Protein chains: 2
Amino acid sequence: MSQAIYSLPRYAQIKTYIRNQIESGQWKVGERIPSENQLSVDFVVSRMTARRAVQELADENLLQRAPGLGTFVAEPQIATPVLEITDFTQQFSHSNPEYSNRILVLEESTAEKNIAAVLGLNQGDQLFHSVVVHYRDSAAVQWEECYVNPQIAAAYLKQNYSKVTPQAYLNWVAPATRVEHQVQAVMPNAEITGALGLQTISSCLKVSRRSWSGDKVVSISKLIHPGSYSLGAELII
Amino acid sequence: MSQAIYSLPRYAQIKTYIRNQIESGQWKVGERIPSENQLSVDFVVSRMTARRAVQELADENLLQRAPGLGTFVAEPQIATPVLEITDFTQQFSHSNPEYSNRILVLEESTAEKNIAAVLGLNQGDQLFHSVVVHYRDSAAVQWEECYVNPQIAAAYLKQNYSKVTPQAYLNWVAPATRVEHQVQAVMPNAEITGALGLQTISSCLKVSRRSWSGDKVVSISKLIHPGSYSLGAELII
DNA sequence: CAGTGGTCTAGACCACTGG
DNA sequence: CAGTGGTCTAGACCACTGG
């Protein structure tokens with residue numbers, strides 16, 4: 001705060017200050033922060049202005065207020081679980097000891113007409129293609145076929161996917177700003193049945209996934225789960 | 001507003017007034033509402049108090065503000081399309097000419113142990129049970145079995161479901177504040193296969209749905225879609 | 001120009017909490 | 001009791017919009 005940001009309203013400056021104190025760990029979860037009166041003294045503003053900063057952060061669930069007691073740093077939010085459907089890509093992580101995978105395909109290819117259109121490429125353009133089977137506790141839980149836009153993830157083929165999953169790598173080089181899913185029940189073909197190690201041809205959950213980073217499509221994937229696999233999605237309105 | 005609600009703060013009373021004006025259609029979408037100054041005169045409060053009411057409603061996206069211009073009734077929210085998965089209940093509407101349904105079951109029943117626990121009832125308590133098949137263009141697109149908490153929708157059995165769908169009725173008496181979905185691929189049993197008019201036993205999409213209104217569970221449903229049915233879900237991060 | 005919303009002040013009274 | 005957050009007032013100055 002040594003250098004004042006003239007363009008920012010004072011309540012916003014105080015918000016930034018409080019945010020920084022929390023993010024830097026100076027004010028820990030559950031700790032009491034200065035009162036409105038104290039902040040108004042510290043920042044030489046009226047109590048109403050200090051209050052506004054604190055109140056807006058409370059509205060954002062960063063702080064918790066209790067009349068008579070004070071204002072406290074709130075528990076970290078459980079990441080607004082609007083939709084756990086994303087989780088099935090995130091739960092596949094090498095930091096998870098039960099996780100493993102098998103790379104079936106990892107190649108450069110040329111874009112077929114339909115796929116080119118979706119990825120925003122021209123027919124015949126270079127693209128990357130991968131097929132990976134994901135296991136949890138040595139049981140196959142997902143067959144993943146993925147077409148990747150090489151303009152966005154140029155080094156996709158050169159990664160070591162025994163250390164990081166393809167989706168994790170993509171999310172790192174081009175964080176998804178939008179993801180679209182289509183869910184269907186399907187009967188898997190022989191190739192997929194074999195890859196998933198299914199004893200019989202039983203119904204599977206097919207998820208078609210398209211991810212964007214900004215206005216560019218990063219990848220399109222076809223994900224097949226054994227029918228017993230349950231996809232959770234929670235929506236809080 | 002003829003009878004003042006003494007326990008409610010004045011800014012909250014003004015919020016209620018504005019909300020009512022909008023919901024009753026007195027103030028239509030896009031119309032300008034009274035200025036802060038006008039409201040402070042009308043309600044005999046300071047401008048800061050009138051402002052608080054308007055500002056909080058703007059934060060809730062019910063109003064739109066523009067400096068120098070005024071405050072306007074905002075476009076109805078497109079229900080934050082975090083997840084179009086909800087749509088499959090909303091797209092079933094009698095205002096849709098291609099839509100029709102068939103009521104297979106609509107009865108009072110007693111709660112089996114598991115269902116009672118989920119609905120927050122005791123085993124043997126009264127509950128409502130319905131089974132409805134939904135058609136689009138005379139093709140069955142969903143088999144819906146629903147258990148309803150009678151404390152929340154006491155008149156559930158008495159509605160005319162050729163005019164309003166069960167879900168629409170529930171959403172009207174107890175707007176869902178939270179909905180949870182579980183998606184699985186399953187093979188339907190003979191009863192469902194018959195009800196959906198499937199020629200062969202083919203894989204179906206099963207959606208288990210639980211909805212809350214406040215802290216109470218309104219209903220739990222089992223929805224079965226033919227495998228060809230595609231469930232869309234779009235997630236904007 | 002008069003009117004709008006955005007920011008801000010320096011006070012006030014209240015119900016509530018802990019010691 | 002002194003301190004907290006919740007509500008509220010009667011002013012103020014500002015940048016901005018339209019006519």
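In what follows, every chain begins at residue 1, and chains take the letters A, B, ... in the order their sequences are listed. Note that the structure is a prediction, hence the values are computed from the model and not measured.
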- Task: Tell me whether the centres of the aromatic rings in Trp143(B) and Tyr135(B) are closer together than 6.0 Å.
- Result: no
- Query: To the side chain of Pro9(A), which of dG5(C), dC8(C), dG18(C) is closest?
  - Reply: dC8(C)
- Quick note, Arg32(A) side chain, CB onward, closest among dG5(C), dT7(D), dT4(D) is dT4(D)
- When the distance from CZ of Phe43(A) to P of dT9(C) is rounded to whole Å, what number comes out? 13 Å
- Under-4.0 Å side-chain N/O to phosphate OP1/OP2 contact, Ser35(A) with dG3(D): no
- OP1, OP2 of dT4(C) versus side-chain N and O of Arg65(B): anything below 4.0 Å? no
- Message: Less than 4.0 angstrom between a side-chain N/O of Tyr11(B) and OP1 or OP2 of dC8(D), yes or no?
- Response: no
- Query: What integer distance in Å separates Ile14(A):CD1 from dT9(C):C1'?
  - Reply: 13 Å
- Salt bridge between Arg209(B) and Glu144(B), side-chain N to carboxylate O under 4.0 Å? no
- Query: Would you say Thr49(A) reaches dT7(C)'s phosphate, i.e. side-chain N/O to OP1/OP2 under 4.0 Å?
  - Reply: no
- Do Tyr156(A) and Tyr161(A) have ring centroids that are under 6.0 Å from one another? yes
- Query: So what does Arg51(B) touch, heavy atoms closer than 4.0 Å: a base, only the sugar-phosphate, or nothing?
  - Reply: base
- Can you tell me the pairing partner of dC16(C) across any strand shown, Watson-Crick or G-U wobble, with both distances under 3.5 angstrom? dG3(D)
- Message: Measure CG/Leu69(A) against P/dA15(C) and give the value in whole Å, please.
- Response: 17 Å
- Message: Assuming nearest nucleotide by heavy-atom distance, tell me which of Arg52(A) and Gly70(B) is located more 5' along DNA chain C.
- Response: Gly70(B)
- Query: Reckon Thr71(B) has a side-chain N or O less than 4.0 Å from the OP1 or OP2 of dG5(C)?
  - Reply: yes
- Message: Rounding to an integer number of Å, can you tell me how far Asn37(A) CG sits from dT4(D) P?
- Response: 6 Å
- Under a 4.0 Å N-O cut-off, is there an ion pair linking Arg52(B) with Glu36(B)? no
- Query: Looking only at side chains, do Thr49(A) and Arg10(A) share a donor and an acceptor under 3.5 Å apart?
  - Reply: no
- Would you mind classifying the nucleic acid contact of Val45(B) as base, sugar-phosphate or nothing, using non-hydrogen atoms under 4.0 angstrom? sugar-phosphate
- Query: Think Gln55(A) has a side-chain N or O under 4.0 angstrom from the OP1 or OP2 of dG5(D)?
  - Reply: no
- Item | Nearest-angstrom distance from the residue atom CZ of Phe72(B) to C1' of dG18(D) | 11 Å
- Message: Whole angstroms only, please: what is the CD-C1' distance between Glu56(B) and dG5(C)?
- Response: 16 Å
- Upstream residue (5' side of DNA chain C) when Gly68(A) and Met48(A) are each assigned their closest nucleotide: Met48(A)
- Are Thr110(B) and Gln126(B) side-chain neighbours, meaning at least one heavy-atom pair lies under 4.5 Å? no
- Query: Leu39(A) has an atom CG; how far is it from atom P of dC8(C), in whole Å?
  - Reply: 14 Å
- Per Arg47(B) side chain, nearest of listed nucleotides dG5(D), dC13(D), dT9(D): dC13(D)
- Message: How many whole angstroms separate atom CD of Glu36(A) from atom P of dC8(C)?
- Response: 15 Å
- Message: Over all strands shown, is Arg10(A) touching base, sugar-phosphate only, or nothing at heavy-atom distances under 4.0 angstrom?
- Response: sugar-phosphate
